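Have a look at the structure below before the remarks.
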4 protein chains.
Amino acid sequence: MSTVEVVDEEGPGRVERRRNRKVLDILTATADVLAERGYHQTNLDEIAERLDLTKASLYHYFPSKDELVTACLEWVGKLVNDRLMATAQNREGTASERLTALIRVQLDSIVREHPQMAQLFLQPLDWPESYRERTKELRKEHDEAFRTVIRDGIASGEFVVEDESTAVHCLHGAMNYVPVWFRAKRKKDYETMYETTAASLLRLFRPPAP
Amino acid sequence: MSTVEVVDEEGPGRVERRRNRKVLDILTATADVLAERGYHQTNLDEIAERLDLTKASLYHYFPSKDELVTACLEWVGKLVNDRLMATAQNREGTASERLTALIRVQLDSIVREHPQMAQLFLQPLDWPESYRERTKELRKEHDEAFRTVIRDGIASGEFVVEDESTAVHCLHGAMNYVPVWFRAKRKKDYETMYETTAASLLRLFRPPAP
Amino acid sequence: MSTVEVVDEEGPGRVERRRNRKVLDILTATADVLAERGYHQTNLDEIAERLDLTKASLYHYFPSKDELVTACLEWVGKLVNDRLMATAQNREGTASERLTALIRVQLDSIVREHPQMAQLFLQPLDWPESYRERTKELRKEHDEAFRTVIRDGIASGEFVVEDESTAVHCLHGAMNYVPVWFRAKRKKDYETMYETTAASLLRLFRPPAP
Amino acid sequence: MSTVEVVDEEGPGRVERRRNRKVLDILTATADVLAERGYHQTNLDEIAERLDLTKASLYHYFPSKDELVTACLEWVGKLVNDRLMATAQNREGTASERLTALIRVQLDSIVREHPQMAQLFLQPLDWPESYRERTKELRKEHDEAFRTVIRDGIASGEFVVEDESTAVHCLHGAMNYVPVWFRAKRKKDYETMYETTAASLLRLFRPPAP
DNA sequence: AATGAATGAGCGTTCATTCAT
DNA sequence: TATGAATGAACGCTCATTCAT
């Protein structure tokens, strides 16, 4: 029962496709509720209700609340990581341009697409311990996407940091905090925020004035 | 029952002093449990047990769990804000030196003194809505401590930012994220981390190389 | 839908034979799970899984869990009763020899062949009331097999009892208790246990020393 | 929180006495429901209802259903064992008289006083594994009460058995089965049944006629 | 005949809150 | 002031049963 594997919409049979579609629906609803209420105020009844299902039906797809939430985080995490990886591996442009692109992808993901994603990185104390382990790999991949570009920048002399890890952590902390303070009124606001925030954060890596 | 007012150890009568001392004990225990377990895994039984009290007794001092936690956050928040304010108002030294000092105070507070404080700023989704409002004032004060110095720096030309608010938010996000990734093994580690982190974050405000 | 009738492998048509074979498979699997887990820990999913079926498919053969379990008990009960009856009706040998044979058949059935059978007689309180009634006939037949021989023994003076019913109940209680305490390590152990237990229980009927 | 210790009605303070009395009430109600419905059909709501309590209130006295049931079995088991021990240690009379007394005590306990006690020894498969371990000590004590007298009888030549363990197991099996088949109509019936059953079972140990 | 999906009813457990003493 | 007792509301989870395909 591989419900926790990231879902592949291309199942062979009709039945599997139906099931996968349903799993996707459930993951989407779960992501929504998580985003609105947070983990502890997310209960299975609410998720089920949004899907016009009963709580018990969710257990046909996921064996527990924790597995459901984990699957949800892994699913969204994978989506984000894929975008980041694709962006990171594009070696055109300066390190600054590439890092800016990464920051924009990340901000777009956690602010607009999947507001709850930030939680994945913030790792609140009162989430079940299991999540930390289950999403370790995701966080590692995520980190690597950024480190790849940053190390390229350092190697080429375009970036200068006192301590790489510290700088990267500060970058992540600052990015993941954005959903807390940013509220868009118009669509244009997102773009402006991405621009300004990326410019600000780039300074963590660009050499300072003497 | 103005339990949410910050407690003043100097009450007029003997009885009130006794009560205030007890309230302080409760707040301390609450802060400890919050720091260890996080909000949702913090239950009144555990707080009471640490105080050799019963759950019911807590209700003589705080009318609800939310009030208790709020009072706790306000108490700790006040302590931090006071330290920050004192630091911010000391106008000796360059803006960089003063901002560095602020960052060190903040990191020391949320990493070493009151690990749960960071939650106050991260505002997890699944905390009761009320906290956000109740701690608004605290966050404003806190923000102002930093803004005071940063504006001085900008005014004097020592600091240069594209957007002040964005830079400040990034600073806060990065600082509050530190408890998530930093683990000290020796006492000395704190000092080193303060140093490196402050140096890193200062770049958000120092003029970049052309 | 006479699923509770004992299944006769010789159905007229091909289709019925197929069906009857399937019913037998289901009963066998049910008996296994009942024996391993006991009634309340037996769920339809587990039975279905062992048959490479789904829970829903079981409902094509039995209208409810209770009917399935009842049918299972009746099936196994019939098997045991048939063996007992055949043994009881063989009038060769002394009453002691014939009773010993019955005891061995019964022990062999409930300890080795169908460990769950004992439950049929122990009638645990928390089984649905219906079982008691549905298996009444079986218990009666079962009882009669033993009574036949015992009465013969009493009539011939070989057996002497204060109260026949009491002695028979004691016999049953003692036999059905064997699965609780007996654990075989080698095949030979069964034989030894049959021997010793039968010898012990025979005393309930043999005339005591004066 | 020693709720599982056998309750001592003599607590020092008034509060403790009140609590112990309540614990006893709960154990009694639990024993009743267990006796009527069996373990799996016993739910906390029913126990609570009989006590004019809510399910949640039970958790002030016992941390889980399993602990409650275990405590109940241990409580009743202790009562029976104490009676048995006292009877066994009285060395007056012949071994037959002493064993008869033990059998009467046991029958009285499981048929009249605590009908559910028999379950303790029958160890149904579908009870949680934990019970088997938790009540091991009780069963051992129980067994020893009988063995003491039986060994005395064997030593003095009054009893003769092929295999002591087998005989004792048969005795237990037969005794614990009594609640299944015996229904008293008048008070006198108990006495008659004790008499007849004890006489019958004694044969397991008395030397058989040659 | 077979099954995936769905569900209702039920259960054990947790916990903030209330109240009489 | 302190507390033991009690509780209602909620939640995660299980499972026999039903039904459309």
Side-chain angles (χ1 to χ4, degrees), chain A residues 13-16 18-19 22-23 40-48 51-69 128, chain B residues 15 18-19 22 40-48 51-69 128, chain C residues 15 18-19 22 40-48 51-69 128, chain D residues 13-16 18-19 22-23 40-48 51-69 128:
Chain A
R14 222 171 314 148
V15 184
E16 278 187 51
R18 260 185 82 90
R19 183 182 178 86
K22 194 95 191 187
V23 166
H40 279 97
Q41 299 197 35
T42 293
N43 58 62
L44 297 186
D45 276 316
E46 172 130 16
I47 295 173
L51 295 157
D52 267 318
L53 278 179
T54 63
K55 202 169 36 171
S57 298
L58 294 177
Y59 283 85
H60 278 279
Y61 301 94
F62 297 94
S64 72
K65 177 185 177 183
D66 280 12
E67 291 289 344
L68 171 54
V69 173
Chain B
V15 184
R18 259 185 79 90
R19 180 181 179 89
K22 196 101 192 181
H40 279 97
Q41 299 194 35
T42 293
N43 56 59
L44 297 187
D45 277 314
E46 174 132 13
I47 295 172
L51 293 158
D52 269 319
L53 273 179
T54 64
K55 200 166 40 169
S57 299
L58 294 176
Y59 283 84
H60 284 283
Y61 300 95
F62 297 94
S64 73
K65 178 185 179 184
D66 280 12
E67 292 290 343
L68 170 55
V69 173
Chain C
V15 184
R18 258 185 80 90
R19 181 182 177 89
K22 195 100 191 182
H40 280 97
Q41 297 194 38
T42 293
N43 57 59
L44 298 186
D45 277 314
E46 173 131 14
I47 295 172
L51 295 159
D52 268 320
L53 275 178
T54 63
K55 201 167 36 171
S57 299
L58 294 177
Y59 282 84
H60 284 282
Y61 300 94
F62 297 95
S64 73
K65 179 185 178 182
D66 280 11
E67 292 289 342
L68 170 55
V69 172
Chain D
R14 220 170 316 147
V15 185
E16 278 185 51
R18 259 186 82 91
R19 182 182 180 88
K22 195 95 193 186
V23 166
H40 279 97
Q41 299 195 37
T42 293
N43 58 64
L44 298 185
D45 276 315
E46 171 129 16
I47 295 173
L51 295 158
D52 268 320
L53 279 178
T54 62
K55 201 167 38 169
S57 299
L58 295 177
Y59 283 84
H60 278 279
Y61 301 93
F62 297 94
S64 71
K65 179 186 178 182
D66 280 12
E67 292 288 344
L68 171 54
V69 173

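What you see below is based on every heavy atom in this structure, not just the backbone, and it leaves out hydrogens, waters and symmetry mates. Below, chain A is the first sequence line, B the second, and so on; all start at residue 1. All values reported here derive from a predicted model rather than from experimental measurement.
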Show, in sequence, the C-alpha distance, side-chain angles and deciding distance for A:Val23 and A:Phe62, and conclude whether the side chain to side chain contact (heavy atoms under 4.5 Å, CB included) test is met. CA-CA 9 Å; A:Val23 166; A:Phe62 297 94; 3.9 Å; yes
Would you grab the first and last nucleotide of DNA chain E (5' to 3') that comes under 4.0 Å of any non-hydrogen atom in chain C? E:dA1 to E:dG4
If you compare all heavy atoms of C:Glu67 against all heavy atoms of C:Pro63, which two are closest, and at what distance to 0.1 Å? CG-CG, 3.5 Å
Look at the side chain of A:Lys65 and the backbone N and O of A:Thr42, then say whether any donor-acceptor pair between them is shorter than 3.5 Å. yes
Please give me the minimum heavy-atom distance between D:His60 and D:Arg19, naming the atom from each residue. O-NH2, 2.8 Å
Per-nucleotide pairing state of DNA chain E [Watson-Crick or G-U, under 3.5 Å; [ ] pseudoknot-crossing; | other strand]: .||||||||||||||||||||
Ignoring backbone atoms, test whether D:Tyr61 places a side-chain nitrogen or oxygen under 4.0 Å from the OP1 or OP2 oxygen of F:dG4. no
Closest heavy-atom contact between C:Leu58 and C:Leu44? CD1-O, 3.7 Å
Taking side-chain hydrogen bond (donor to acceptor under 3.5 Å, both in side chains) as the test, write out the residues that go with B:Thr54, two or more places apart. B:Ser57
Quick one: list whatever passes salt bridge (charged side-chain N to carboxylate O under 4.0 Å, His left out) with D:Asp66, sequence neighbours left out. none
Produce a footprint string for nucleotides 7-14 of chain F: one letter per nucleotide, 5' end first; B if the base is under 4.0 Å from any protein heavy atom, S if only the sugar-phosphate is, - if neither. BB--SBBB
By salt bridge (charged side-chain N to carboxylate O under 4.0 Å, His left out), D:Lys55 pairs with (sequence neighbours left out) D:Asp45
